[in-house]
Structure formats: C-alpha cells, structure tokens
Amino acid sequence: MVTLDDLKTPKTNTWCPGCGNFGILMAFKKALIELGLQREDVVLVSGIGCHGKMVNYVNINGFHGIHGRVIPAAQGIKLANPDLTVVGFAGDADQYNEGWGHFAHAMRTNMDMTLIVHDNMVLGLTTGQATSTSQQGFKSKSTPYGVIPPMLNPVAHALISNGSFVARGFSGDMFHLKSLMVEAIRHRGFAVIDVFQPCVSFNYLNTYDWFTQRVYKLEEQGHDPTDKQQALQKALEWGDRIPIGIFYKEERPTYHDSLPHVKGLDLPKLSSKPVDVTASMKEMM
Ligand SMILES: Cc1ncc(C[n+]2csc(CCOP(=O)(O)OP(=O)(O)O)c2C)c(N)n1
Ligand code: SF4
Ligand SMILES: [Mg+2]
C-alpha cells in the first residue's frame with residue numbers, strides 16, 4: 001500500500017506560500033492512497049504553468065508536456081498502454097486557451113482517463129495576465145482597464161460536449177476535492193474536474209475568502225448527477241452561490257470498448273522481436 005512518504009520527491013517546492021496548488025497536490029496524494037494504486041501503475045501528465053510542477057512533486061511516472069497539450073500526450077500514453085491509470089493536470093490558460101480544441105473532443109471520445117484543471121482564473125507562471133476564465137472586469141497586467149468579454153464556462157462546455165463525468169472542486173476544501181478525485185479516477189471514461197485554485201500572488205479578486213463565501217456542495221442540495229438538464233442548469237449558476245461537486249456522470253462505452261481491433265495490441269504486450277515485412281512491402285509495390 002502506497003503511503004504519503006512513498007509519494008514524496010526530493011524536489012524543492014517553488015509554489016508561492018499559500019498557493020491553492022498545495023490543496024490539489026495533497027488531495028491527489030490522498031486519493032492515490034485511498035484508491036490503493038501502485039506507483040508504477042499511475043502516470044501524471046502536466047502542461048506548462050505553475051500547475052505543471054505537479055509532475056515534480058509526486059513520486060509516480062510523469063510526463064511534462066508542452067503548453068496546451070496535456071490531453072493529446074495523456075491520450076497517447078493511454079492508447080499505448082491501457083492498463084495504466086492516466087491523470088492529466090492542466091492550467092486554465094493551458095487547457096481553456098491554448099488547449100481548448102482538445103477539450104471538447106476528449107469529452108466525445110471518452111478515453112478512460114482523468115483531467116484535473118487548476119483554474120486560478122489567471123496566468124500564474126507568466127506573472128498575472130487574464131485568461132478565458134477571468135471574470136469580466138478583472139484587472140490584470142494584460143487588461144489594465146478590466147477584462148471585456150464574458151468568461152468561458154468550462155463545466156457547461158464539458159456537459160454539452162458529452163462529457164461522461166463532469167465535476168468542479170475547490171482546493172480550499174481538500175477532503176471534498178480528494179473524494180471527487182477518487183470518483184473521477186474510478187470512473188470508466190473521460191472524467192474532468194475543474195478546480196477553483198486561488199492564486200495568492202496574481203488574482204486578488206477570486207481569493208480563498210471569495211470562494212469560501214460562495215461555494216456550496218451539490219450533493220448536499222439533493223442534486224441528481226444522472227440528470228443532464230439539471231446539471232446544465234447548475235453549471236450556469238454563477239454569482240453569490242456557486243456549486244461544486246459532481247454535476248453529471250454516465251456510464252457509456254469508452255474509446256477502447258469501441259475499438260475491438262486495438263484490443264490486444266497494447267505496446268508492452270507486443271513482441272519486440274524483429275518482424276519480416278518483405279511480403280507486405282511486395283504487396284504494396
Ligand atoms: C506553446 C506555448 N505557448 C505559450 C507559452 C507561455 N506560457 C508559459 S506558462 C503560460 C500560461 C500559464 O497559465 P496557466 O495555464 O493558467 O497555468 P498557471 O501558471 O496559472 O498554473 C504561458 C502562456 C509556452 N510556454 N508555450
Ligand atoms: S503565481 Fe499563483 S499559481 Fe503560481 S505558485 Fe504563485 S500563487 Fe500559485
Ligand atoms: Mg492559471
């Protein structure tokens with residue numbers, strides 16, 4: 001059984017003191033322990049940004065990809081070895097700006113993996129520019145007079161793109177977030193959790209206090225996570241009260257279930273002996 005000590009790495013943590021990323025990191029480690037997963041069976045894929053350093057702080061397999069491309073890298077890993085548990089960690093700019101195109105298609109495709117988005121509603125690593133989830137009026141280095149367009153709603157988009165598991169968490173409520181991660185990783189299919197993650201250095205609007213005063217748990221309000229219409233209505237709520245929890249989940253065939261011919265072609269199970277391709281080459285000539 002994996003322990004917190006096993007999951008430690010020798011890397012020095014360089015996140016700002018009080019950053020919401022700490023809650024996500026601890027929730028993930030606790031989720032791995034609760035799930036009883038072995039370190040060698042899990043792969044963490046991250047993008048570029050403060051969130052991307054997750055790969056340095058959890059002692060499991062890791063792949064630090066490029067900005068906006070967490071999903072394709074994670075999908076490639078899962079395709080090559082479907083026995084692995086693959087968890088992607090992306091930033092809001094990473095996933096909802098540069099990697100936006102991948103988001104909707106990942107929902108439809110329903111590959112069996114988890115995506116966790118550190119949604120601090122700002123570009124953290126590049127020192128505080130506005131992003132697509134920044135609120136209208138948010139003043140930043142790139143928007144000194146305030147953000148003009150309305151913010152993007154990732155939860156609603158995930159639902160209308162046929163996401164099979166759509167949730168939202170808050171890093172200030174680590175135990176609740178841990179339970180969402182456990183459910184998401186157990187889910188057969190593509191699971192996404194958008195996580196409110198206060199950036200204490202560059203987002204003075206959406207702070208711990210701001211979220212704490214607003215968030216409420218869907219499961220405490222009798223929400224039915226199998227009702228898509230209700231989920232969509234809840235996803236559109238924003239203001240004095242903002243829901244967190246599981247908006248929607250459904251069981252449906254995963255990408256691998258729908259591709260019987262790739263079953264048994266997992267790379268680690270294939271022989272590494274040289275194959276004679278002369279006959280195939282002749283056929284093509
Ligand atoms: C292809 C590419 N485009 C842009 C950048 C510059 N860049 C580095 S981090 C970053 C944004 C980080 O913001 P976010 O994804 O929200 O992560 P955070 O730092 O807030 O965790 C950008 C635009 C890059 N490194 N690579
Ligand atoms: S800049 Fe913001 S997101 Fe990045 S480590 Fe500091 S507090 Fe966290
Ligand atoms: Mg960000």
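Not measured: the values here are computed from a predicted model. We count ligands from 1, going down the list as the structure has it; atoms in each ligand are counted the same way.
The Mg ion (ligand 3) lies under 2.8 Å from an N, O or S atom belonging to D92. The distance from the Mg ion (ligand 3) to the nearest N/O/S atom of N120 is under 2.8 Å. Within the coordination shell of the Mg ion (ligand 3), defined by N, O or S atoms under 2.8 Å, V122 is present.
Residue Q197 places a heavy atom under 4.0 Å from ligand 2. A heavy-atom separation below 4.0 Å is not found between T131 and ligand 1. Heavy-atom separations between D92 and ligand 1 include at least one value shorter than 4.0 Å.
Using modelled atom types, one finds no donor on one side chain facing an acceptor on the other under 3.5 Å when comparing N59 with T9. Residues S142 and S140 have side chains that bring a donor and an acceptor to within less than 3.5 angstrom of each other. For the residue pair S280 / E283, no side-chain donor-acceptor distance below 3.5 Å is found, with atom types taken as modelled. Side-chain contact of K249 with S164: a donor-acceptor pair under 3.5 Å is absent, judged by distance alone.
Of the protein's non-hydrogen atoms, C50 SG, 2.4 Å is the one closest to atom 4 (Fe) of ligand 2. Nearest protein heavy-atom contact of atom 26 (N) of ligand 1 is H67 CB, 3.4 Å. Summary of contacts: the protein heavy atom closest to atom 2 (Fe) of ligand 2 is C199 SG, 2.3 Å. In this structure, atom 17 (O) of ligand 1 lies nearest to the protein heavy atom H51 ND1, 3.1 Å. In this structure, atom 15 (O) of ligand 1 lies nearest to the protein heavy atom D94 N, 2.8 Å. Among all non-hydrogen protein atoms, the one lying nearest atom 7 (N) of ligand 1 is T126 CG2, 3.8 Å.
Geometrically, ligand 1 and G91 share no nitrogen or oxygen pair separated by less than 3.5 Å. Between G49 and ligand 1, not a single N/O pair is under 3.5 Å apart. For ligand 1, the polar-atom distance check against L125 finds a nitrogen or oxygen pair separated by under 3.5 Å. Residue contacts with ligand 1: N120 is placed with a nitrogen or oxygen under 3.5 Å of a nitrogen or oxygen of the ligand (distance criterion only).
No donor-acceptor pair under 3.5 Å is formed between the side chain of R39 and the backbone N or O of N61. Within the 3.5 Å criterion, the main-chain N or O of D119 finds no donor-acceptor partner in the side chain of D194.
Classification of the W100-Y96 ring pair by plane angle, with boundaries at 30° and 60°, yields perpendicular. Ring planes of W15 and F22: perpendicular class, angle over 60° (limits at 30 and 60°). Ring pair F165/H187 is tilted by interplanar angle, where 30° to 60° counts as tilted. Note on ring orientation: taking the six-membered ring where Trp is involved, the planes of F170 and F211 are tilted (angle from 30° to 60°).
Counting the atoms of ligand 1 from 1 in the order shown, those under 4.0 Å from a heavy atom of L123 are 11 (C), 13 (O), 20 (O), 23 (C). Atoms of ligand 1 lying under 4.0 Å from at least one heavy atom of C50, given by number and element, are 18 (P), 19 (O), 21 (O). Atoms of ligand 2 found under 4.0 Å from any heavy atom of F202, numbered from 1 in the order shown, are 1 (S). Distances below 4.0 Å separate heavy atoms of C19 from the following atoms of ligand 2: 3 (S), 5 (S), 7 (S), 8 (Fe). For ligand 1, the atoms lying closer than 4.0 Å to a non-hydrogen atom of A93 are 13 (O), 14 (P), 15 (O), 16 (O). Close approach to V200 involves these atoms of ligand 2, each under 4.0 Å from a residue heavy atom: 7 (S).
Looking at E237 and K234, a side-chain N of the basic residue comes within less than 4.0 Å of a carboxylate O on the acidic one, giving a salt bridge. Ion pairing between E219 and K217 fails under the 4.0 Å rule for side-chain N and carboxylate O. For K178 and E34, the salt-bridge test passes: some basic side-chain N is under 4.0 Å from an acidic carboxylate O.
Counting heavy atoms closer than 4.0 Å to ligand 2, residue N120 contributes side-chain atoms (C-beta onward) but none from N, CA, C or O. By the criterion of a heavy-atom distance under 4.0 Å, the side chain of E98, and not its backbone, is placed next to ligand 1. The parts of C16 lying near ligand 2 are both backbone and side chain, judged by heavy-atom distances below 4.0 Å. Heavy atoms of V122 found under 4.0 angstrom from ligand 1 belong exclusively to the backbone.
With V117, V70, I48 as candidates, the residue nearest to atom 8 (C) of ligand 1 on a non-hydrogen basis is I48.
Counted within 6.0 Å of CD on E40, heavy atoms from surrounding residues, nucleotides or ligands total more than 12; the atom is thus considered enclosed. Around the CG atom of L236, the shell of radius 6.0 Å holds more than 12 heavy atoms that belong to other residues, nucleotides or ligands.
In the hydrophobic clustering of ILVMFWY residues, with side-chain heavy atoms under 4.5 Å counting as a link, V155 and M151 come out apart.
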